[in-house]
Amino acid sequence: MLDLALLAKGFGTVFQPSHLFILVLGTIGGIIVGALPGLTATMAIALLIPFTFSMGPTAGICMLLAVYTAGIYGGGIASILIRTPGTPAAVVTVLDGYPMAQKGLAGQALGLATVGSGIGGLFSALCLAIFAPLLAAFALRFSAPEFFALAILGLSVTVTLTGRSPLKGALSAAFGLVIAMVGLDPIGGFPRFTFGTTELAGGIAFVPMLIGLFSLSEAFRQIEIIETVERMTAKIGRVVPRINELVVHKWTMLRACLIGITVGVMPSMGPDTAAFMSYAETKRSSDRPDDFGKGEPAGVVAAQTAENASTGGDVLPMITLGVPGDAATAVLMGALIIHNLEPGPLLFRDHADVVHMIFAALIVANISFMVLGLLGARYFAKVLNVDRRLLVPTIVLFSLVGAYALNNNPSDVWVCLIFGIIGYLMQRYDFPISPMVLAVILGAMAESNFRRSLAMSQGDPMIFLSRPIACGILIVALLAAFSAIRRQIALARRVDAAGAR
Amino acid sequence: MTLDRRTLIAGAALGSVLSAPAIAQTFQRDITMVVPWAAGGGTDTLARTLVKNAKQHIGVGINVVNRTGGTGAVGMQSVSTARGDGYTVGLITFHLSAYRLMGLSQLSYRDFQPLALLNRTPAAFSVKADSPFKTLKDLVDYAKANPGVVTIANSGAGANTHLSAAILAKNTGIRLSFVPFDGGAPARTAMVGGHVSALVSGPDEVLQYVKTGQVRFLAMVGEQRHPSFPDVPTVAEAGFPIKEIIYDWRGVAGPKNMPADITRALNDGFAKMANDPDFIALMDQVALPRVYMNGADFTTFLGTMETSLEPALAEVGLLRR
């Protein structure tokens, strides 16, 4: 349970000047790494692990947690400014953040993104500190049937992300499901749709695909207009949001916090899924769903808050059960093991001080990136004023180098290029990209857990209905899809009526 | 002629052991070690700890590069085709024994110069503390009477854990429902949460839960008892002798075409790193059995592994040759 004395001691440790310095350094590094495409928080943590050898565990953990939280946040910066998601989760921030920047609201978008991320992160760090042992027990009740149900719930929200044409959205999602099938069969273990190549045996690399779909495709589109758009000084505007600007988004933030932490606690669901679900739910329940995708501030808040709200959730099963919630926490777990702190039920018993120090460091790290992000936003935004003839080639270069640097695998560069062309064509012909991305993430999860569930039940499909949690989630998914479809139809009617007038 | 050369080699080897400058002369710059699995995973952690003090042992540092994709084949292949100057080595893992047999890649240990086996982990059968199965025999007897009802989680189709359980099923003529997970941790969580009847995993993966009394070992595969778990019987002792012992293993290898002196320097260097106190401490702490073998013994071991794997893969329908 949460021990306030130990937590106070943890804060004391974190606030020691040398630790605080390293934490701030980690925050700066994390923001930069997060903002650069292809350099993810996961990679940064992995690269820094050897440096933590000489630091000792406390300073090392402070730095890695700072890099982790700031890296997840930093992904949104490049999304907003140059439509280049620095991390997978930041894809959702692109949807409204980039249109906002195009409208001259870059400052507002960055400010809301920063504060949203910070609040989400703080919320999840507090949840982690207070509920860790409780939630760990809850997480044990989830297994394959529940994960399948959750994936279906996630897929049901793709309906909301479809944009104007539900049919095109469905096609996009179907394409995503096809992509998710490439690679080793998750249950059988044999190669599938790999066309006999070794490169495809592990599936299509996800992050290079994202860089291609969002960043390269936008660079291609910019090339079309590079000669015609005249050079202008983009307005940045106020960065630090006013209190009333935040109050407007209080429900969006609360929803994002709750979705973020819940999704985070589930193993194999990370910040990307959290951001998608929060965005879709915010759009679905909004009075003006049409404005989403055109620069709606609530869209940015929903994405960034949920993204960082999932960080505490991802850390939770890692330190309590030894099951990392996503790739970044898997690497954090490796770092803890190297420092003789193996996550699992014994960590709480034998190293309660370290666990509380982790809670304290997470809380401080979230405040740290919020402050630094607000201070730095004005300077990040200068990138908007770079001449397009310089910016576009730079984005292409960064995209391709980023795609390679992630796994040091040359075939990933081809993945990035091919999906750059696919993304360009999809946007040109008005196919939304987000349903496809979400389908890639959740398709594999849905399929493997569906078949795993059937392996558990010796082929009896009743396993999905006889387990109350799985059944409950499936019902919610059904209702969510149903209500979203009804809304789409109503929306289409309204648009038709407006057209007829 | 032969004698002269052998004397020379022996002399050189002695020299390299005795004087530090002689070691430094073998390598002028840092060595790259390719890890074919993602940063932060078990193999990566092992590699990074192994090379932590490389400078003391071979005079230059070793930088870990994670080159992932193709279920490890991309990274391993890049080592097998690297220039044989000793500056590129890589971690090779269990999967290398299975690629060819499963039709995933033509890559096999024959494409490498094995340098050192570092770890060899047997599969362990475990159940939740409140399970009715007290011994492995209980589980087998129950499965015999109720074919397919016993569900057993493993870390992935074709993994050593899956195949070890398949061999047990084949030898005893029982039918088990294998539930493959994406790695050891989620498989363990399913067992601890009571969603499957039993788990087959590396003993290290359930160590903490055994210590807290939430999980009980039934038996472990292996020729003799695991040194960290002297109370746990081997599968053979539990009444079911297994001829094909399948280990999860990790080792270091370089490209095939390295000159003899480089190979020897790397062999010696990795022998020292494998005996480094920091490395030993990590391995013992996470209960990964340290089994050091030099290049020659490692090569023999890899040959045996393929022979053992073939019938196991055939049993689960994954053999593609």
Side-chain angles (χ1 to χ4, degrees), chain A residues 42-43 45-47 49-50 53 139-145 183-191 194 197-202 205 267-268 317 321-324 327-335 337-338 340 342-347 349 406-409 411-412 448 452 455-458, chain B residues 34 38-42 44-45 48-49 52 64-75 77-78 99 102-105 107 148-149 151 156-159 162 177-182 185-186 188-190 192-196 205 207-209 211-212 214 281-282 285-286 316-318 320:
Chain A
T42 314
M43 262 176 81
I45 298 167
L47 293 176
I49 288 176
F53 283 150
L140 273 181
R141 305 182 61 150
F142 279 66
S143 196
L184 282 192
D185 180 288
I187 300 299
F190 47 84
T194 60
T197 62
T198 308
E199 282 75 15
L200 286 177
S268 77
L321 300 172
V323 185
T329 40
V331 181
L332 274 178
M333 188 166 133
I337 292 175
I338 285 185
N340 288 345
E342 199 188 1
L346 288 181
L347 188 68
R349 204 186 68 187
L406 192 69
N407 299 326
N408 295 309
N409 183 354
S411 63
D412 287 350
S448 61
R452 196 169 288 138
M456 283 179 173
S457 69
Q458 288 96 47
Chain B
V34 177
D44 180 68
T45 308
R48 284 176 200 270
T49 321
K52 195 171 151 187
V64 171
V65 172
N66 302 85
R67 188 170 288 221
T68 59
T71 61
V74 170
Q77 184 138 31
S78 77
Y99 288 141
M102 291 171 73
L104 293 174
S105 161
L107 210 59
V149 173
T151 51
H162 178 205
S177 289
F178 301 114
V179 187
F181 283 82
D182 192 10
R188 173 190 65 212
T189 311
V192 175
H195 305 286
V196 289
E205 287 171 319
L207 179 65
Q208 290 209 10
Y209 291 82
K211 282 189 186 162
T212 55
Q214 286 167 280
L282 173 97
Q285 184 219 337
V286 297
V316 296
L318 283 170
R320 283 287 173 279

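Fair warning: this is a prediction, and the values are worked out from it, not measured in the lab. Every heavy atom of this structure was used, including side-chain atoms; hydrogens, water molecules and symmetry mates were not. A note on names: the letters A, B, ... follow the listed sequences, proteins ahead of strands, and every chain is numbered from 1.
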Give, for atom OG1 of B/Thr68 and atom CG of A/Asp412, the distance between the pair rounded to the nearest 0.5 Å.
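Output value for this atom pair is 7.0 Å.
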Taking every heavy-atom pair that is under 4.5 Å apart, which of B/Gly148, B/Gly194, B/Pro186 has the most such pairs with chain A?
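Of the options given, most contacts go to B/Gly148.
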Looking at chain A, which one of B/Glu205, B/Arg188, B/His195 has the largest number of heavy-atom pairs inside 4.5 Å, strictly under?
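Looking at each option in turn, the highest pair count goes to B/His195.
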Honestly, the part of B/Leu318 sitting under 4.5 Å from a heavy atom of chain A is side chain
Checking B/Phe178 against chain A: side chain, backbone, both or neither under 4.5 Å from a heavy atom?
backbone
Without swapping roles, check the side chain of A/Asn408 against the backbone of B/Asn66 for a donor-acceptor pair under 3.5 Å.
yes
For B/Pro180, is there any backbone N or O sitting under 3.5 Å from a side-chain donor or acceptor partner on A/Arg452?
yes
Which pair of non-hydrogen atoms, one from A/Leu347 and one from B/Gln208, has the smallest distance, and what is that distance?
N-OE1, 4.1 Å
Non-hydrogen atoms of B/Val149 and A/Gln458 that approach each other most closely:
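Nearest pair, atom of B/Val149 first, then A/Gln458: O-NE2, 3.4 Å.
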Among A/Pro186, A/Ala455, A/Ser143, single out the residue with the greatest number of heavy-atom pairs under 4.5 Å to chain B.
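Winner by heavy-atom pair count: A/Ser143.
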My understanding is that only residues two or more places apart in sequence, or in another chain, count here; which of them pass side chain to side chain contact (heavy atoms under 4.5 Å, CB included) with A/Leu140?
A/Leu321, B/Thr189, B/Val192
Side chain to side chain contact (heavy atoms under 4.5 Å, CB included) partners of A/Leu200, counting only residues at least two apart
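In terms of side chain to side chain contact (heavy atoms under 4.5 Å, CB included), with neighbours along the sequence ignored, A/Leu200 is linked to A/Val182, A/Thr194, A/Phe195, A/Thr197, A/Ile204.
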Please check if atom CG in A/Asp185 has more than 12 non-hydrogen atoms from other residues, nucleotides or ligands closer than 6.0 Å.
yes
